[in-house]
Amino acid sequence: MIRVLFVCLGNICRSPLAEAIFNKKIEVAGMRNQFESDSAGTSDFHIGELPDERTLSCAKSHELSIHHRGRQVNRTDFRDFQYILAMDENNLNVLEQLKEQFGFPKKEIYLIRNFKDHTKSLSVPDPYYGGEEAFEEIYKILDEVIENFLNQVIVSHQLYV
Ligand code: 4NP
């Protein structure tokens, strides 16, 4: 079982959407039982909350289902998840500090956009203060980069459908 954790700041916009995109891809690929996924935030701003309305409507328009309540990254995440994927450099920096604090100094944390898409930016931009088009923009970025991530994982773990 390969465990994948998507991390952003509030855990109500980017990371729940990323997880929903990932879940649909593994479902379509017939690989549901080879993965476990979740999402979390570096902040405690939205613990227990449903995803942002705009996240939900973006997900709905792409036929993605989201079942999530906001939560904050914790110590056991560093133990349990093989792939911890940060949305931006701020999230990455916080995770790099937390892994030391929590006693997992060797844990590798990835910036999700290192799994290559057509742009050179390394961050999935925070859509919180944007409009609906900001959510469509992050959907497109995430869809492309998560496709690449999944393909790389399939190759490196020699997974077969
Ligand atoms: P997210 O977006 O990190 O993609 O979930 C944000 C959600 C909430 C806030 C910032 C970003 N906030 O400041 O409350």
Side-chain angles (χ1 to χ4, degrees), residues 3-27 35-102 104 107-150 152-153:
R3 296 187 172 83
V4 184
L5 182 68
F6 298 90
V7 179
C8 62
L9 173 63
N11 192 215
I12 54 171
C13 300
R14 291 165 292 178
S15 61
L17 188 65
E19 192 207 346
I21 292 168
F22 179 74
N23 285 342
K24 184 163 173 186
K25 288 187 187 297
I26 58 175
E27 186 77 46
F35 290 96
E36 263 177 31
S37 65
D38 198 0
S39 71
T42 55
S43 75
D44 61 2
F45 301 159
H46 299 283
I47 291 173
E49 292 179 24
L50 287 170
D52 189 284
E53 289 283 333
R54 297 163 296 173
T55 308
L56 294 173
S57 67
C58 179
K60 197 170 172 197
S61 74
H62 293 285
E63 298 177 331
L64 302 169
S65 55
I66 295 193
H67 302 281
H68 189 71
R69 292 276 176 173
R71 74 173 184 86
Q72 191 172 22
V73 173
N74 62 46
R75 186 185 175 279
T76 54
D77 291 328
F78 290 89
R79 182 195 66 195
D80 295 341
F81 288 93
Q82 240 155 313
Y83 291 99
I84 300 181
L85 306 179
M87 296 294 138
D88 66 30
E89 309 258 6
N90 283 332
N91 313 146
L92 181 69
N93 291 340
V94 175
L95 291 165
E96 292 288 348
Q97 285 169 19
L98 286 177
K99 77 177 190 186
E100 303 283 335
Q101 268 179 42
F102 289 148
F104 297 92
K107 183 83 190 173
E108 191 168 1
I109 314 287
Y110 304 88
L111 212 56
I112 194 168
R113 284 183 93 163
N114 278 334
F115 292 92
K116 297 286 183 268
D117 54 25
H118 64 285
T119 70
K120 292 216 165 63
S121 168
L122 281 179
S123 284
V124 180
D126 184 344
Y128 190 60
Y129 296 104
E132 269 182 23
E133 68 292 341
F135 284 76
E136 192 53 28
E137 173 66 16
I138 62 163
Y139 170 80
K140 289 203 188 96
I141 293 168
L142 288 170
D143 187 58
E144 186 176 350
V145 85
I146 290 169
E147 181 79 20
N148 292 341
F149 166 71
L150 183 58
Q152 284 188 40
V153 170

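Counting starts at 1 for both ligands and their atoms, in listed order.
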Donor-acceptor contacts, no H, no angles, side chain residues 123-137, under 3.5 Å, sequence neighbours left out:
unit_1, atom_1, unit_2, atom_2, d
D126, OD1, Y128, N, 2.9
E136, OE1, H62, NE2, 3.0
E136, OE2, H62, NE2, 3.2

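An N or O contact shorter than 3.5 Å links L9 to ligand 1 by distance. For a threshold of 3.5 Å applied to N or O pairs, the pair formed by F45 and ligand 1 contains no separation below that value. By the 3.5 Å distance cut-off applied to N or O atoms, P127 is not counted among the residues near ligand 1. The shortest N or O to N or O distance between N11 and ligand 1 is below 3.5 Å.
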Q.
Pair F35, F22 - check ring-ring contact (aromatic ring centres under 6.0 Å, His included), show working.
A. CA-CA 10 Å; F35 290 96; F22 179 74; 5.4 Å; yes

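The protein non-hydrogen atom at the shortest distance from atom 9 (C) of ligand 1 is Y128 CD2, 3.6 Å. Of the protein's non-hydrogen atoms, the one nearest atom 11 (C) of ligand 1 is D126 OD2, 3.2 Å. Closest to atom 3 (O) of ligand 1, if we only count protein heavy atoms, is G10 N, 2.8 Å. The single protein non-hydrogen atom nearest to atom 1 (P) of ligand 1 is C8 SG, 3.4 Å, given as residue, atom name and distance.
The ring-ring contact (aromatic ring centres under 6.0 Å, His included) test applied to F81 returns no partner, not counting sequence neighbours.
Taking every heavy atom of I12 and a limit of under 4.0 angstrom, the matching atoms of ligand 1 come to 5 (O), 7 (C), 8 (C).
Counting only distance, with no hydrogens or angles, the side chain of D52 and the backbone of I12 share no donor-acceptor pair below 3.5 Å. Under a 3.5 Å cut-off, the side chain of Q72 and the backbone N or O of T42 do form a donor-acceptor pair. A donor-acceptor pair under 3.5 Å is absent between the side-chain atoms of K107 and the main chain of K99, judged by distance alone.
Side-chain atoms of N91 and D88 form a donor-acceptor pair, as typed in the model, at a separation below 3.5 Å.
For the pair H46 and ligand 1, a heavy-atom separation below 4.0 Å is found.
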